[in-house]
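A quick note: this is a predicted structure, and the numbers were derived from the prediction, not measured. One-based numbering along the sequence shown.
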Amino acid sequence: MALRFSTPLTFSAVSSVSLRKSLRFCKAFSHNQTTQTRIQIHELVLEVKERLEKEHPDLPVGKNGRNDEDMILWFLKDRKFHVEDAISKLTKAIKWRQDFGVSELTDKSVMGIRTTGKAYVHDFPDVNGRPVLVVVASKHFPAKQDTLESEKLCVFLIETALSRLPPGKEDILGVFDLRGFSTENGDIGFLMFMISVFYTYYPRRLGQVLFVDAPFVFQPIWQLVKPLLKSYASLVRFCSADTVRKEYFTDETVPDAFRE
């Protein structure tokens with residue numbers, strides 16, 4: 001799966017006037033929005049919606065489809081309200097969801113791999129109100145577990161976490177429990193899959209990533225992956241289980257695996 005961590009602006013496709021408009025909308029959106037600004041932003045959403053209907057009529061409709069205005073707005077925000085970039089990235093995301101069968105993933109369909117306990121969505125949010133996706137790296141065995149099933153579990157849990165977003169919250173917390181991690185748990189391919197999925201198909205949905213009690217053997221993997229993340233590497237924090245307990249949860253909401 002090809003990784004792409006930046007979308008260069010093509011000035012042959014977009015005039016400087018259009019670019020200035022996109023930047024102005026982006027700046028306005030980040031501050032208190034006026035009624036006029038909201039109208040202009042909605043017009044951009046409708047423009048993308050109409051373009052997708054005209055240029056990609058084969059794409060599905062409905063939730064997470066080409067006419068989902070919430071999804072369109074999210075990708076516009078991700079692409080700084082640049083219409084061409086938003087259409088390009090959104091089209092890929094919708095096609096991927098269709099090809100991967102995201103809407104067909106259910107608790108039952110991933111039950112087999114889920115029983116390994118290597119990943120789950122925690123029952124409680126963190127202290128910032130974010131849904132929490134926990135990965136237990138010591139239970140991931142790429143040589144023994146089916147790669148596609150692991151990928152399906154990953155996407156199913158991302159979808160589950162996002163479905164639990166409370167009003168006003170837009171991203172989730174990822175907790176990678178690296179206690180007991182060894183070389184047989186290492187899986188560069190799966191890490192690259194996760195990076196690609198979050199960047200390309202769920203942009204800006206991962207608010208922070210905690211690498212908990214990372215052992216020395218994890219460092220070579222991190223040195224390989226870190227350059228691929230570019231600016232997104234700033235989302236990663238190496239910390240201890242004690243930090244997770246004290247800074248991200250209360251005594252009542254901390255995951256059982258992190259209780260003293």
Undergrad: Report yes if the distance between the aromatic ring centroids of F249 and F258 is under 6.0 Å, otherwise no.
TA: no
Undergrad: Any link between Y201 and L148 through a network of hydrophobic side chains (Ile, Leu, Val, Met, Phe, Trp, Tyr) touching at under 4.5 Å?
TA: yes
Undergrad: In a check of side chain to side chain contact (heavy atoms under 4.5 Å, CB included) between I87 and each of H82, K92, R66, R51, which one passes?
TA: R51
Undergrad: Do we get R205 above W74's six-membered ring, with its NZ or CZ under 6.0 Å from the centre and within 45° of the axis?
TA: yes
Undergrad: Are R38 and E43 close enough for a salt bridge, meaning some N to O gap below 4.0 Å?
TA: no
Undergrad: Is any NZ, NE, NH1 or NH2 atom of the basic residue among R204 and D78 found under 4.0 Å from an Asp or Glu carboxylate oxygen of the other?
TA: yes
Undergrad: Salt bridge check, E159 against R97: does any charged N sit closer than 4.0 Å to a carboxylate O?
TA: yes
Undergrad: Does one hydrophobic cluster hold both V254 and V175, with members joined at side-chain heavy-atom distances below 4.5 Å?
TA: yes
Undergrad: Indicate, with yes or no, if the rings of F181 and H140 have centres closer together than 6.0 Å.
TA: no
Undergrad: Is K89 salt-bridged to E84, going by a charged N under 4.0 Å from an acidic O?
TA: no
Undergrad: Decide whether Y120 and V212 are clustered together by the hydrophobic rule: side chain heavy atoms of Ile, Leu, Val, Met, Phe, Trp, Tyr closer than 4.5 Å, transitively.
TA: yes
Undergrad: Starting from L46 and following side-chain heavy-atom contacts under 4.5 Å between hydrophobic residues (I, L, V, M, F, W, Y), which residues can be reached?
TA: none
Undergrad: K246 vs E260, test: salt bridge (charged side-chain N to carboxylate O under 4.0 Å, His left out). Steps then yes/no.
TA: CA-CA 11 Å; K246 294 179 178 179; E260 293 183 289; over 6 Å; no
